[in-house]
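To start, the structure under review is shown below, and the notes come after it.
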Amino acid sequence: MAKDFPTREENYAQWYNDLVIKADLAENSAVRGCMVIKPYGYAIWEKIQSTLDRMFKETGHVNAYFPLFIPKSFFSREADHVEGFAKECAVVTHYRLKNAPDGKGVVVDETAKLEEEYIIRPTSETIIWDTYRNWIQSYRDLPLLVNQWANVVRWEMRTRLFLRTTEFLWQEGHTAHATKEEAIEETEKILGIYARFAEEWMAMPVLKGLKSPNERFAGAVETYCIEALMQDGKALQAGTSHFLGQNFAKAFDVQFLSKENKLEYVWATSWGVSTRLMGALIMAHSDDNGLVLPPKLAPIEVVIVPIYKKIEQLGEISIVANKIKQALEKKGISVKYDDRDTFKPGWKFAEYEFKGVPVRLAIGPRDLENQTVEVARRDTLEKEILQMADIENKVEHLLEQIQKKLYHRALSFRENNTFSVDTWDEFKDIIENKGGFVLAHWDGTPETEEKIKEETKATIRTIPLDSKPEIGKCIYTGKTSNQRVVFARAY
RNA sequence: CGGGGUGUAGCGCAGUCUGGUUAGCGCGCUUGACUGGGGGUCAAGAGGUCGGGAGUUCAAAUCUCCCCACUCCGACCA
């Protein structure tokens with residue numbers, strides 16, 4: 001299946017692409033820039049979804065659904081917002097087709113032109129805030145904590161499976177609050193959820209911080225983000241949480257009467273993560289043998305492969321295998337017993353290894369005799385023979401170990417690829433030759449960030465929330481700075 | 001949008017420069033036998049508007065023109 005699969009060293013971009021396709025996660029579709037997420041890939045997304053959905057609900061959020069189409073006029077209400085998204089919007093202009101005059105196919109019926117064109121949502125702030133106006137009158141209506149799971153379209157010029165596609169799936173939370181403090185608290189709370197999800201479920205360490213004005217969401221007062229480092233030394237923005245101030249409330253005239261009977265504008269937040277997380281997950285752990293998945297997000301945590309010569313032996317093995325399967329499932333572990341006779345054990349080993357299944361159990365005649373199981377772990381590719389007794393607890397423990405191991409491996413990779421630099425030459429050298437996160441002083445101006453980007457392709461990925469103040473000189477202009485920020489080339 | 005590249009079996013490719021039998025190879029697929037603790041072996045098969053259209057020619061996958069699609073590189077971006 002994957003014999004001609006390139007290594008990360010040979011060609012990282014090709015490695016990623018082949019991995020996505022050959023591990024059956026997704027493929028390119030007939031529609032330019034849009035992917036088909038295949039069942040195995042979608043199963044991972046469903047796990048991401050259900051975990052986050054639970055976390056949102058645990059913190060008081062509820063789900064709703066808003067239209068795919070947004071009236072064009074809504075867009076122009078918030079100046080920065082239009083500015084940011086106008087260049088990548090798909091527009092619906094007509095609502096009917098008719099048979100082509102030459103009899104070949106159908107054409108747009110010009111008489112069915114929409115009075116007002118619709119934008120296909122690139123994000124839903126405008127339609128949602130237009131709706132919130134009717135939902136909010138009093139401080140008693142607040143806070144409003146709504147999330148939606150949806151698809152959005154951003155007409156990108158270049159796309160890559162999961163990392164950047166024209167249409168993608170995401171969740172977008174949109175909340176309304178009575179005070180600035182409460183809205184900021186919400187923004188930070190969500191950032192915390194994102195970070196916890198990334199680290200505990202995806203086993204991917206992330207930096208929490210603020211975006212520089214250049215990288216800020218169009219229409220936001222402040223954008224918070226989680227930022228991860230991929231194995232090729234490039235940064236990946238994994239999630240964003242925005243404090244929108246009163247920008248949208250003012251643009252859409254959303255006011256409420258406070259306890260003091262004063263009419264005030266509502267404070268807003270919005271936040272989202274997308275199918276891009278799939279790309280992050282893939283790149284965070286996978287190796288030259290294929291996908292590596294953290295147990296908590298793997299659609300199949302344990303696969304059991306029977307080994308037998310004659311079909312009669314399969315029966316005896318199946319009895320044992322099914323018993324183990326049930327014992328594991330009782331612990332909430334997802335197990336697949338692959339007793340297909342149409343594939344050889346060796347083929348199955350390679351297949352599940354490539355698809356990143358964390359643990360594989362092999363049971364053959366020898367094991368039946370000795371009351372043993374061969375246990376193989378995907379993260380280290382190690383194999384060992386274990387006694388069958390109490391196997392479900394051993395496997396459960398092993399899955400926990402793998403989850404931790406992946407996180408620590410990714411964390412030490414990040415630590416080994418984070419550099420603190422004080423000179424421009426050193427900065428250029430590391431960005432160009434090593435990659436990774438570069439901690440450097442910056443004078444705080446968008447102009448300087450822009451120049452650094454032009455010269456090195458590196459941008460400020462985040463201004464870390466937990467960094468200590470430190471007086472220094474801007475790497476580029478030499479002006480004084482009181483904090484280091486994180487630079488990197490990014491996806 | 002600009003600059004390269006590629007379209008030949010499900011997938012990956014050769015053949016095109018230099019036109020000429022029945023268009024070939026690897027993987028995959030089907031059937032059977034032997035096999036089975038890391039992608040097995042052998043045998044027999046199925047599968048093609050050579051991206052589309054027009055032209056040149058006795059003859060076009062091959063030469064000419066037009067069109068289409070995809071892809072890579074740049075500017076833009078979660």
Side-chain angles (χ1 to χ4, degrees), chain A residues 1-5 11 13-14 17-18 21-22 27-34 83-89 104 122-123 151-172 194 211 214-218 220 223 225-228 235-242 270-280 289-290 305-314 317 339-355 360-370 372-376 381 383 385 453-454 457 459 461 490-491:
Chain A
M1 176 205 193
K3 283 165 190 163
D4 50 354
F5 181 64
N11 188 342
Q14 189 72 40
N17 227 353
D18 285 11
I21 290 166
K22 290 180 175 158
E27 62 189 29
N28 284 307
S29 71
V31 184
R32 184 197 187 90
C34 296
E83 170 82 23
F85 285 105
K87 288 166 291 181
E88 48 188 37
C89 286
K104 291 179 192 162
T123 178
N151 58 339
V152 286
V153 167
R154 295 181 188 175
W155 212 266
E156 302 289 351
M157 300 184 190
R158 283 188 68 188
T159 57
R160 291 193 69 189
L161 292 168
F162 290 119
L163 297 172
R164 176 167 297 107
T165 47
T166 300
E167 179 190 11
F168 58 91
L169 304 183
W170 77 346
Q171 58 70 214
E172 46 179 325
Y194 286 164
K211 281 297 185 191
N214 284 3
E215 301 278 327
R216 197 178 282 155
F217 175 74
T223 287
C225 64
I226 54 168
E227 203 76 20
L236 184 96
Q237 179 175 306
T240 48
S241 182
H242 315 289
S270 71
W271 28 275
V273 296
S274 70
T275 35
R276 179 179 241 206
L277 284 181
M278 295 282 297
N289 298 300
V305 178
I307 291 158
Y308 54 94
K309 279 193 173 49
K310 294 183 189 125
I311 196 84
E312 299 81 59
Q313 289 177 312
L314 179 59
I317 293 167
D339 61 351
R340 289 176 299 176
D341 189 45
T342 46
F343 293 91
K344 312 281 182 210
W347 190 92
K348 292 177 186 172
F349 288 0
E351 168 85 358
Y352 292 110
E353 194 166 290
F354 198 83
K355 288 189 159 186
R360 182 187 72 233
L361 306 181
I363 305 171
R366 282 210 297 272
D367 296 303
L368 290 190
E369 223 172 275
N370 305 329
T372 56
V373 190
E374 183 192 83
V375 180
L381 297 171
K383 285 194 286 199
I385 307 288
K453 183 181 177 184
E454 275 169 30
K457 290 183 185 157
T459 49
R461 297 324 305 158
Y491 273 96

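Distance check on atom C1': B:rA9 versus B:rC65 gives 29 Å, rounded to whole Å. B:rU71 and B:rU30: their C1' atoms are spaced 33 Å apart (whole Å). Spacing between B:rG40 and B:rC67 at atom P, rounded to whole Å, works out to 49 Å. B:rC72 and B:rC50: their C1' atoms are spaced 24 Å apart (whole Å). With both ends at atom C1', the span from B:rA43 to B:rG7 equals 35 Å, rounded to whole Å. Comparing the C1' positions of B:rA61 and B:rC17 gives a spacing of 14 Å, expressed to the nearest Å. A gap of 16 Å separates the P atoms of B:rC63 and B:rU21, to the nearest Å. A distance of about 22 Å separates the P atoms of B:rU31 and B:rG37, rounded to the whole Å.
Proximity note for A:N28 (side chain, C-beta onward) versus B:rG36, B:rG37, B:rU71: the nearest is B:rU71. Distances from the side chain of A:M157 to the nucleotides B:rG37, B:rA75, B:rG36 place B:rA75 closest. Distances from the side chain of A:R164 to the nucleotides B:rG36, B:rG39, B:rC77 place B:rC77 closest. If you check B:rG39, B:rC76, B:rG36 against the side chain of A:A350, the one that comes closest is B:rG39. Comparing B:rC72, B:rG38, B:rC77 by their closest approach to the side chain of A:F349 singles out B:rG38.
In terms of the salt bridge (Lys or Arg N to Asp or Glu O under 4.0 Å) criterion, residue partners of A:R216 (sequence neighbours excluded) are, by chain and number, A:E222. A:Y194 meets the ring pair (Phe, Tyr, Trp, His ring centres under 6.0 Å) test with no other residue; sequence neighbours excluded.
Pairing for B:rG5 goes to B:rC70, judged as Watson-Crick or G-U wobble with the two contacts each under 3.5 Å. In this structure B:rC17 sits in no base pair that meets the Watson-Crick or G-U test at under 3.5 Å. Nucleotide B:rC76: unpaired (no Watson-Crick or G-U wobble partner with both distances less than 3.5 Å). If you check B:rA46 for Watson-Crick or wobble pairing at under 3.5 angstrom, you find it has no partner at all. Base pairing annotation: B:rG36 forms no Watson-Crick or G-U wobble pair, as no partner gives both donor-acceptor distances under 3.5 Å. When Watson-Crick and G-U wobble pairs are counted only if both distances are under 3.5 Å, B:rC27 pairs with B:rG10.
Counting distance only, with no hydrogens placed and no angle test, the side-chain atoms of A:K309 and the base atoms of B:rU35 include no donor-acceptor pair under 3.5 Å. The base of B:rG74 does not come close enough to the side chain of A:K457 for any donor and acceptor atom to sit less than 3.5 Å apart.
OP1 or OP2 of B:rC70 lies within a sub-4.0 Å distance of a side-chain N or O belonging to A:R32.
Judged purely by atom type and a 3.5 angstrom limit, A:E88 has no side-chain atom pairing as donor or acceptor with the backbone of A:F85.
As judged by a 4.0 angstrom heavy-atom cut-off over every strand, A:T459 is placed among residues making no nucleic acid contact.
Comparing A:R360 and A:R154 by the nucleotide of RNA chain B whose heavy atom lies nearest to each, the residue mapping closer to the 5' end is A:R360.
Taking a cutoff of 4.0 Å between a charged side-chain nitrogen and a carboxylate oxygen, A:K211 and A:E227 qualify as a salt bridge.
Looking only at atom types and distance, the side chain of A:D341 has a donor-acceptor partner in the side chain of A:Y308 under 3.5 Å away. Between the side chains of A:E353 and A:N289, no donor N or O sits under 3.5 Å from an acceptor N or O.
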